[in-house]
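Some notes on the structure that comes next.
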Amino acid sequence: MFEARLIQGGLLKKLLESVKELVTDANFDCSESGIALQAMDNSHVALVSLLLRSEGFDPYRCDRGFSLGVNLNSLNKILKCAGNDDIITLRADDNSADSLSLSFENPNNDRIGEYELKLMDIDQEHLSIPETDYDATIIMPSAEFQRICRDLTVVSESVTIDVSKDTIKFTAEGELGSGNIKLKSTSSIDKPEESVNIELGQDVSLQFSLKYLMNFTKGTPLSEQVILCLSEKMPLLVEYKMDIGYIRYYLAPKIGD
Amino acid sequence: NLTQTSIDNFFGRT
């Protein structure tokens, strides 16, 4: 038996919005510790990994580990039927888990919607993500990162990210011209969520597809801050932390011939 | 010229 009741149901709605364009089908791996999902996009360029810890639910019950194979587009359609303030409960019977039950309670508890989502068998590759000491870790406002990606998409399909000392620089070059945005590290004690924090072991310069980065920024509503982790010749990690877990996107770099 | 690498070049299968 699996049961997970999320008081902040709106979070699940936002979470689905942040993965559904990257991944079509995925397994939700449920265990005592929580709900996890790991999936690559069709072209194997990006990987998304998310975790919702069991402590974030009230209550959370999962007798033994099992996987719920879900078409994310279908789940997203059903979640659109939940109000932003609804409490969302997910239920599945592990013996015959061919469907996932969802119930949506409004805050007054006088309207309850109940839905069933058919599950599917998904044979998914699982990758082991190595523990990495990144050369550069940047914490910055998530809205700023979203704006930079959106703005530079006007110029090019790819962006070079250079991190050195106290500056992160995003550069795009395309047929119409070029553009770059430099952010200096700042510290705002009053508003830490508005500051740019750069932790640097050594300088990094890497190129990435803006199309994928734009997709990752669908996670912006989940957190005021985004964490970017870079190392030479390694995938970029873009992370949005939530109270109850995280969503991490990994993007393979573009490398010169 | 740039080549897009694949994520499975970096992360091994389990």
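Worth saying up front: this structure is predicted, and the values here are computed from it rather than measured.
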Heavy-atom pairs under 4.5 Å with chain B - which of A:Gly256, A:Pro253, A:Pro130 has more of them than the others?
A:Pro253
Contact summary for A:Met234 and B:Phe11, nearest pair of heavy atoms
CE-CE2, 4.5 Å
Going from OG1 on B:Thr5 to CZ on A:Phe208, what distance comes out if it is rounded to the nearest 0.5 angstrom?
8.5 Å
Provide the closest heavy-atom pair for A:Leu47 versus B:Ile7 in the form atom of the first, atom of the second, distance.
CB-CG1, 4.1 Å
More than 12 heavy atoms from other groups under 6.0 Å of CD on A:Glu173:
no
Rounded to the nearest 0.5 angstrom, the CG-OG distance for A:Asp41 and B:Ser6 is 9.0 Å
A quick test of your reading: do over 12 heavy atoms of other residues, nucleotides or ligands sit less than 6.0 Å from CD of A:Glu199?
no
Closest contact, heavy atoms only, B:Gln4 versus A:Ala252
NE2-O, 2.8 Å
Could you measure the distance from the CG atom of B:Asn9 to the CD1 atom of A:Ile255? Nearest 0.5 Å is fine.
8.5 Å
